[in-house]
Every structure is written in structure tokens, then in C-alpha cells.
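We're numbering straight along the sequence, starting at 1.
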Amino acid sequence: MKIEILAPCGSRESIFAAVRCGANAVYLGMKDFNARRNADNFDEDELEEVISYCHARNVKVYITINTLISDSEMKTAYKTVETAMHCGADGFIVQDLGLAKLIHKCFPTARLHASTQCSVATPDGFNKLKELGFCRAVLPREMSLEEIRDIRSKTDIELEIFVHGALCMCVSGQCYLSSMLGSRSGNRGLCAQPCRLSFSADNSGSFDLSLKDLSLISKIKEIQSAGVISLKIEGRMKRPEYVAAAVTTCKKALCGTYSPDDETVLKSVFSRSGFTDGYFTGKRQDMFGTRSKEDVVSANSVLKELARLYDKEKPLVPLKFEFICRENEPISLTASANNKCVTLKGSIPEKAINKPLTEEKLKERLSKLGATQYYAQKIKITLDEGLIVPASEINELRRTVCAMLDEEEKTEFEKLPFETVSPKKKDSKPYYTARFLSASQIPENHPFKRVFLPIWAYNNDFIKTGAGVEIPRGLFGVEDKLKERLIELKNIGVINALCSDIGSYESAKELGFEVFANYSLNIFNSQSANMFKSPILSFELTLNQANCINAQDTGIIAYGKVPLMLTRNCPVKNRIGCEKCKKNGSLTDRKGYKFPVLCSSYPCVEILNPQPIVMSDKMDEIKTDFVHFYFTNETKDEISEIISLYKFNKFCEKNYTRGLYYRGVK
């Protein structure tokens with residue numbers, strides 16, 4: 001399959017920049033349900049127009065519906081998909097597994113691309129995505145080349161990779177920093193990027209959560225050889241000149257003409273202290289950077305030149321003509337392009353008095369395609385001698401057949417009606433479950449129906465406590481290690497597994513564990529809740545939304561310092577090193593709040609909220625089937641006090657938060 005350059009388009013001007021510079025596909029959002037809701041985006045009329053424009057130039061259009069969808073929004077999301085299908089969309093980039101389930105059922109011919117926000121990092125996860133109806137998956141930005149090759153060797157789903165653009169500190173889909181700090185959720189398309197502010201591991205005011213921008217354009221040949229078929233550029237909020245520069249540079253890299261000068265242009269148009277390829281190469285030491293004044297002003301030197309790359313239509317589409325001119329028959333012109341063929345007939349040619357038509361003259365007139373996206377690749381002429389046709393008629397035939405080729409043909413598609421899901425009424429008192437960071441935290445005679453310990457806890461701790469295993473997130477390159485450890489735990493009698501992504505959910509299920517779904521699966525609606533056993537719902541839901549989820553045995557986190565970020569590059573290690581940290585690191589923000597940083601023997605670290613969610617005095621408002629306690633750095637005595645608060649529905653006197661249960665996310 002030919003490799004695809006996939007360009008970001010948040011505006012009409014970016015569409016022109018992407019297409020005219022040679023992108024094979026673009027991705028864009030409509031007004032709702034996309035991860036860049038602050039971009040201009042497109043309404044129905046605009047969408048139909050830009051899809052027609054792109055298709056006439058042999059460019060595909062993928063629609064981003066890559067946010068979490070609530071039950072109350074699901075019908076609108078259905079209509080959004082229906083509208084995009086009517087307009088001729090070539091695919092949908094989706095994060096929410098419940099929405100993907102709905103699209104796959106109701107629009108069976110729709111192509112589904114799994115957003116990187118799905119947080120899938122293992123072969124089992126990618127294979128499950130295909131089983132769920134996805135034909136393509138966007139790889140996490142944190143993957144190395146070797147890890148990508150491993151994924152490619154173990155799954156046949158199409159793979160797409162980000163090759164240029166902004167790089168988030170957090171694994172996509174696992175960031176709750178913006179939502180917890182300001183109710184603007186990255187999972188809902190309104191991230192406020194608080195990570196670009198000061199979060200310091202050494203109290204120096206440093207920016208230890210701000211990474212340089214990603215650029216793998218110089219590595220495109222390696223990416224291509226690894227079996228990736230789509231090169232994705234990030235930047236729907238960026239100016240069209242940025243899109244032009246990135247697409248042009250990708251084209252050069254594919255053609256083998258990329259040079260350091262091209263990288264200089266890319267840095268000038270937008271960067272944060274330059275670029276990084278640290279995750280791809282596995283060299284993660286020099287990945288941090290901020291947007292400096294020099295970075296901002298450097299764009300002035302390149303913008304005019306970049307704008308010239310797309311200011312006029314480019315002849316990018318090959319066109320074949322067949323012109324027939326015979327005596328006593330109407331002339332005809334057939335044009336073929338983009339797997340489409342049209343024919344138009346004209347008048348009957350007259351006998352020439354002085355200068356009859358020649359094949360050379362006809363080819364000259366038919367080749368005048370300067371105002372279109374076409375160039376004459378081949379012109380076949382059938383011409384009887386001694387005939388004449390007015391030049392104006394030939395020109396009009398040429399213009400008309402080109403316009404006919406541009407017309408978007410409406411294709412029929414199969415659809416099933418939307419089925420409304422009624423809110424579930426739950427009146428029973430919820431039971432308790434908990435996860436502990438260490439077995440030493442677990443009190444005697446605790447009230448928890450299910451208890452979980454991290455996968456790296458000692459075997460004896462699992463045996464002694466009867467705990468299930470909590471499988472961590474961000475399992476980059478460690479699926480084999482994970483399965484070996486799970487088999488070991490199964491053999492010592494561990495039964496339950498709390499799974500943090502669809503890959504580990506499938507792995508544990510195949511090994512015979514009783515599987516349960518963790519909060520990090522971002523279960524935000526009844527559709528997705530019904531895909532998993534006993535799911536802990538997303539803590540970005542309001543309490544009322546969570547109470548109304550219509551699925552069996554659902555729960556919410558009722559206590560805990562919830563993780564706000566999952567990062568593969570430890571910000572504390574980068575700033576002060578592991579020796580000084582001694583597994584007791586934290587980040588201090590500009591207001592003086594300290595965010596604990598927890599590391600593990602698995603690839604990623606977690607950054608916790610400074611204050612725990614506490615709902616001890618609100619238990620009568622919780623109507624889910626169970627509540628989950630997320631214990632991290634609390635002592636055994638502190639945990640006993642917390643349990644007592646919940647036993648008697650007491651108000652917490654210490655610093656706490658209600659999370660998002662009452663304020664929600666935008």
C-alpha cells in the first residue's frame with residue numbers, strides 16, 4: 001500500500017495548503033466532538049464543500065470524532081456521523097469505544113480509525129481494536145521503532161504514526177490535568193495545556209512537563225520500512241503555512257531529497273526549543289523544551305515563502321483525454337481522472353476552407369488546464385482530415401468535462417436507526433472495592449469486596465491478602481513480560497485482574513483471570529460500560545451522569561489521589577536524577593501545590609493529584625453499584641481513618657476535593 005501523508009486542517013486555508021502541497025489525506029473536525037474544539041472546524045455546508053474539493057484532487061478526508069461522548073450526546077454524535085457519511089467522508093477517527101461500537105453497528109460501511117487517545121500499546125490491544133471494527137490505529141507517540149516493528153509483526157491492522165507536531169508529556173487519553181485543574185478536558189477537546197506552565201521537580205520554577213515538539217520526518221524511510229502506512233502531522237490549531245511546510249518536507253523525505261535546510265524551515269515556522277525524536281530512538285535525555293521568544297519571531301522570516309506554496313492551484317492530478325472528430329458525427333471529448341470517466345458531445349464539425357484541425361493543434365488546446373488541479377497525462381486524438389471546429393467550442397468542452405469530473409457523486413450507505421438508552425435506576429447501597437500501593441497498607445477486617453495490588457507486589461503479599469492484580473497502564477514493549485508475570489500470579493492462586501486498557505483486558509481474560517475494567521479505559525457512557533465487566537467509570541463524569549449509566553455493576557472512585565498524568569519520560573529523573581529522588585519525587589506548580597510522582601518497574605510513571613477525592617459525606621447521593629478506593633501514599637492508620645469516615649458518612653476535615661463529580665468537564 002502506498003504510504004499516505006495525512007495533514008491537519010482546522011480551517012479552509014489549511015485545506016488549500018495541505019492539498020496543494022501534496023497531502024494524500026486530511027483530517028478535520030466538525031463543530032462538535034473533536035479533540036480541537038477551539039479550531040475553526042467545519043459545519044455541514046462547509047464540510048460538503050471541502051470534501052468535494054479534496055476528492056476532486058484525489059485526497060481523502062477523515063473526520064475526527066475523537067472525544068469521550070456522554071449518553072445525552074450520543075444521538076447528536078450519531079447524526080454527526082450520518083451527516084459526514086452523506087458528505088462523503090472517507091473515515092472517522094474515534095476515541096470513545098462506545099461510540100465506535102455504535103458506528104460499527106449503525107453504519108457498517110464506515111471506516112473506523114482508532115485515535116491515539118485509545119491508549120493502546122500492546123499487540124493484544126491492537127488486535128482487539130480490529131475485532132471491534134477498527135481498520136486503522138494511530139500509534140502512541142511514545143513508541144520506539146523496535147516497538148512499532150513488534151506491533152506490526154503481530155497484527156494486520158493499518159498503522160498510522162505522528163511524524164511531526166506538538167508532543168504531550170502524558171500518554172494520549174490518560175491526561176486529566178487540565179480537567180481537574182480547570183474543568184477543561186483533553187478527552188473532550190478543550191485541553192488548556194497547563195503542562196506548559198511551571199511544574200518543577202526542584203522548586204526552581206522549571207518547566208518539567210513541557211516537551212519539545214516531535215519531528216520524525218528525517219526518519220520516514222525507517223518508518224516506512226516498519227510497515228506504517230500513514231504519516232500524520234499534528235496541528236489543527238496551527239496556521240496554514242505550518243501545514244504547507246510540514247507536508248512539503250514529508251514529500252521531500254519520501255522522495256529522498258530532505259535536507260537540514262528543510263528542518264530549519266520547520267523550526268522557524270513552529271517549534272519549542274527545537275525538535276525531539278527521543279521516544280522513537282529510545283534516547284530520552286534531551287526531550288524537554290519551551291516556546292521561547294526566539295521561537296516565536298523566527299516564523300516571520302519564512303511565512304511569505306511558505307504561503308507561496310499554496311497560493312494557486314497546483315496541477316497534481318493526471319488527466320487522460322480522448323477526442324473524436326469524424327465527418328458527419330458530433331465531436332466528443334472523454335476525460336478520465338481519479339477513477340472517474342465522463343464524456344461530452346458537441347456539434348458536427350464543418351469542412352475546413354483554409355486551415356483544417358490538426359492533431360497537434362487539438363493537443364495544444366486540450367492541454368490548457370492551468371486554472372485547474374489537472375495536467376494532461378495522455379491525449380488520444382481520432383481526427384478525420386479536412387475538418388474544422390471552433391476553438392471556443394473545444395475550450396468549452398474541456399472546461400465542462402473538468403467541471404463534471406469535479407462533481408462529487410453521492411454514494412448510498414447502509415444505516416440502522418439510533419436506539420435510545422434509558423438511564424438506569426439504582427437504589428441499593430454500593431459495596432466497596434479498593435486498590436493499595438502496598439500490602440502493608442491493608443487494614444485487618446477491611447470492608448472491601450475486592451482488593452487489588454500492583455502487578456509488581458511480592459507473590460507472598462498476593463497470597464497473604466487474597467488480592468487481585470492491578471495491571472498498569474502504558475505497557476510499551478512489555479506484553480511478553482506482562483504475560484509471564486500474569487501466568488506466575490495465576491499459578492499462585494490470584495483470580496482477579498483489574499485491567500487498565502483493552503490490551504491487558506484481553507491478555508488477562510485469555511489467561512483465565514476474572515477481569516475488571518479500571519478507570520483508565522475512560523468509560524463515559526452506557527455503550528462503553530456494557531463492553532466490560534464491573535467497570536470503574538471515568539472520574540471526568542459528573543455524579544449524576546455516572547449514576548445514570550445503564551450497565552451492570554458499575555462503580556466510581558469515591559476516594560483517592562487520582563493520577564493526572566501517565567508519562568514515559570520521568571520529569572523528576574530528567575531534572576534531578578533518580579538518586580536524589582529516591583522514589584519520593586514530586587512536582588511543584590506555580591501556586592505551590594505539590595504533585596506526587598510515583599514510579600514503578602514498568603515503563604511509565606504517574607503524577608498524582610495533590611488532594612484526594614473524598615465523598616464520605618455524600619454516599620447517599622451515589623447510586624452506582626460499587627465505589628472504589630484508590631489508595632496511593634497513605635499509611636495504614638490513615639486508611640483506617642478514611643474507612644471510618646465512609647462507614648459513618650462523616651465529613652472530611654482535611655484538604656480534599658470533590659473532583660469533577662459536581663462541576664463536570666466542558
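No donor-acceptor pair under 3.5 Å is formed between the side chain of Thr567 and the backbone N or O of Cys170. Side-chain N or O atoms of Ser183 include one that pairs as donor or acceptor with a backbone N or O of Gly664 at under 3.5 Å. Proximity of a side-chain donor or acceptor of Gln545 to a complementary backbone N or O of Asp71 within less than 3.5 Å is not detected. A donor-acceptor distance shorter than 3.5 angstrom exists from the side chain of Ser198 to the backbone of Gly205, with no hydrogens or angles considered. With hydrogens and angles ignored, the 3.5 Å screen pairs no side-chain donor or acceptor of Arg236 with any backbone N or O of Pro8. A donor-acceptor distance shorter than 3.5 angstrom exists from the side chain of Arg568 to the backbone of Glu142, with no hydrogens or angles considered. A donor-acceptor distance shorter than 3.5 angstrom exists from the side chain of Asn530 to the backbone of Asn550, with no hydrogens or angles considered. Without hydrogens or angle criteria, Glu621 side chain to Lys618 main chain gives no donor-acceptor distance under 3.5 Å. Not a single donor-acceptor pair under 3.5 Å links the side chain of Arg188 to the backbone N or O of Thr67. Side-chain N or O atoms of Asn491 include one that pairs as donor or acceptor with a backbone N or O of Ile487 at under 3.5 Å.
Every pair passing salt bridge (Lys or Arg N to Asp or Glu O under 4.0 Å) that includes a residue from residues 92-105 is listed here, sequence neighbours excluded: Lys105-Glu419. Among residues at least two apart or in separate chains, ring-ring contact (aromatic ring centres under 6.0 Å, His included) pairs with a member in residues 112-134 are Tyr62-His113. Annotation: salt bridge (Lys or Arg N to Asp or Glu O under 4.0 Å) contacts involving residues 441-462, sequence neighbours excluded, comprise Glu444-Lys636, Asp461-Lys464. Screening residues 608-617 for side chain to side chain donor-acceptor pair (under 3.5 Å) gives Asp617-Arg658 as the qualifying pairs, with residues at least two apart or on separate chains.
Side-chain contact, Asn187 with Gln117: a donor N or O sits under 3.5 Å from an acceptor N or O. Side-chain contact annotation: Tyr431 with Asp553, donor-acceptor N/O pair under 3.5 Å present. Under the 3.5 Å distance criterion, with hydrogens and angles disregarded, a donor-acceptor pair is assigned to the side chains of Asp208 and Ser206. Side-chain N/O atoms of Glu634 and Tyr559 include a donor and acceptor closer than 3.5 Å. A side-chain donor from one of Asn203 and Thr588 sits under 3.5 Å from a side-chain acceptor of the other. A side-chain donor-acceptor contact under 3.5 Å links Arg141 and Ser172. Inspection of the Asp202 and Ser200 side chains reveals an N or O donor paired with an N or O acceptor under 3.5 Å.
In this structure, the ring pair (Phe, Tyr, Trp, His ring centres under 6.0 Å) partners of Phe199, at least two apart in sequence or on a different chain, are Phe595. Remark: His104 pairs with no residue by the ring pair (Phe, Tyr, Trp, His ring centres under 6.0 Å) rule, at least two apart or across chains. Contacts of Tyr458 classified as ring pair (Phe, Tyr, Trp, His ring centres under 6.0 Å), with partners at least two apart in sequence or in another chain: none. Taking Ser70 as the reference, Ser72, Glu73 meet the side chain to side chain donor-acceptor pair (under 3.5 Å) condition, with sequence neighbours excluded. By the ring pair (Phe, Tyr, Trp, His ring centres under 6.0 Å) test, Phe532 is found to be paired with Tyr505, residues two or more places apart in sequence or in another chain being considered. A search for side chain to side chain donor-acceptor pair (under 3.5 Å) contacts involving Arg590 returns nothing, not counting sequence neighbours. Qualifying side chain to side chain donor-acceptor pair (under 3.5 Å) partners for Ser179, counting only residues two or more places apart in sequence or in other chains: Glu540.
Contact detail for Arg485 and Ala457: the closest heavy-atom pair is NH2-O, 2.7 Å. Taking all atoms of both residues into account, the shortest heavy-atom contact from Val515 to Cys499 is CG1-SG, 4.0 Å. Closest approach of Cys604 and Gly474 over heavy atoms only: SG-O, 3.7 Å. Of all heavy-atom pairs spanning Ile557 and Tyr661, the tightest one is O-OH, 2.6 Å.
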task: Take Asp637 and Ser640 through the test side chain to side chain donor-acceptor pair (under 3.5 Å) and record every step on the way to the result.
output: CA-CA 5 Å; Asp637 288 341; Ser640 294; 5.2 Å; no
message: Test side chain to side chain contact (heavy atoms under 4.5 Å, CB included) on Asn66 and Val94; report intermediate values, then the result.
response: CA-CA 4 Å; Asn66 53 344; Val94 179; over 6 Å; no
message: Between Ile622 and Thr624, is the side chain to side chain contact (heavy atoms under 4.5 Å, CB included) condition met? List the steps.
response: CA-CA 6 Å; Ile622 298 175; Thr624 54; 3.3 Å; yes
- prompt: Can you check side chain to side chain contact (heavy atoms under 4.5 Å, CB included) on Lys424 and Asp625, steps first, answer last?
  reply: CA-CA 11 Å; Lys424 183 178 179 181; Asp625 300 286; 4.3 Å; yes
- prompt: Would Leu660 and Met180 count as a side chain to side chain contact (heavy atoms under 4.5 Å, CB included) if you check the C-alpha gap in whole Å, the side-chain angles of each, and the deciding distance to 0.1 Å?
  reply: CA-CA 7 Å; Leu660 297 158; Met180 287 294 283; 3.9 Å; yes
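Contact annotation: the side chain of Leu102 approaches that of Leu99 to within less than 4.5 Å [non-hydrogen atoms, C-beta and beyond]. The side-chain heavy atoms of Pro430 and Met619, taken from C-beta on, include a pair separated by under 4.5 Å. The side-chain heavy atoms of Pro571 and Leu587, taken from C-beta on, include a pair separated by under 4.5 Å.
Relative orientation of the Phe516 and Phe452 rings is perpendicular, given thresholds of 30° and 60° on the angle between their planes. Taking the six-membered ring where the residue is Trp, Tyr630 and Tyr519 present perpendicular rings, their angle passing 60° and hence far from 30°. Ring orientation note: the planes of Phe436 and Phe448 are nearly perpendicular, at an angle over 60° on the 30°/60° scale.
Exactly one residue among Asn518, Val451, Asn496, Leu437 makes a side chain to side chain contact (heavy atoms under 4.5 Å, CB included) with Glu470. That residue is Asn518.
A salt bridge links Lys509 and Glu506; the closest N-O separation between the charged side-chain nitrogens and carboxylate oxygens is under 4.0 Å.
With values rounded to the nearest 0.5 angstrom, Ile63 atom CD1 is found 11.0 Å from Met85 atom CE. Atoms CG and OG1, on Leu453 and Thr465 in that order, are 5.0 Å from each other to the nearest 0.5 Å. Here the straight-line distance linking atom NZ of Lys666 with atom OG of Ser185 works out to 12.0 Å at 0.5 Å rounding. Remark: Gln95 CD to Ile65 CD1 distance equals 12.5 Å, nearest 0.5 Å.
Within 6.0 Å of CD in Glu638 there are more than 12 heavy atoms belonging to other residues, nucleotides or ligands. In Ile463, the CD1 atom is crowded: over 12 heavy atoms of neighbouring residues, nucleotides or ligands sit closer than 6.0 Å.
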For residues 641-654, which side-chain N or O atoms pair as donor and acceptor with protein atoms under 3.5 Å away, sequence neighbours left out?
residue, atom, partner, partner atom, Å
Tyr646, OH, Ala558, O, 2.4
Tyr646, OH, Met615, N, 2.8

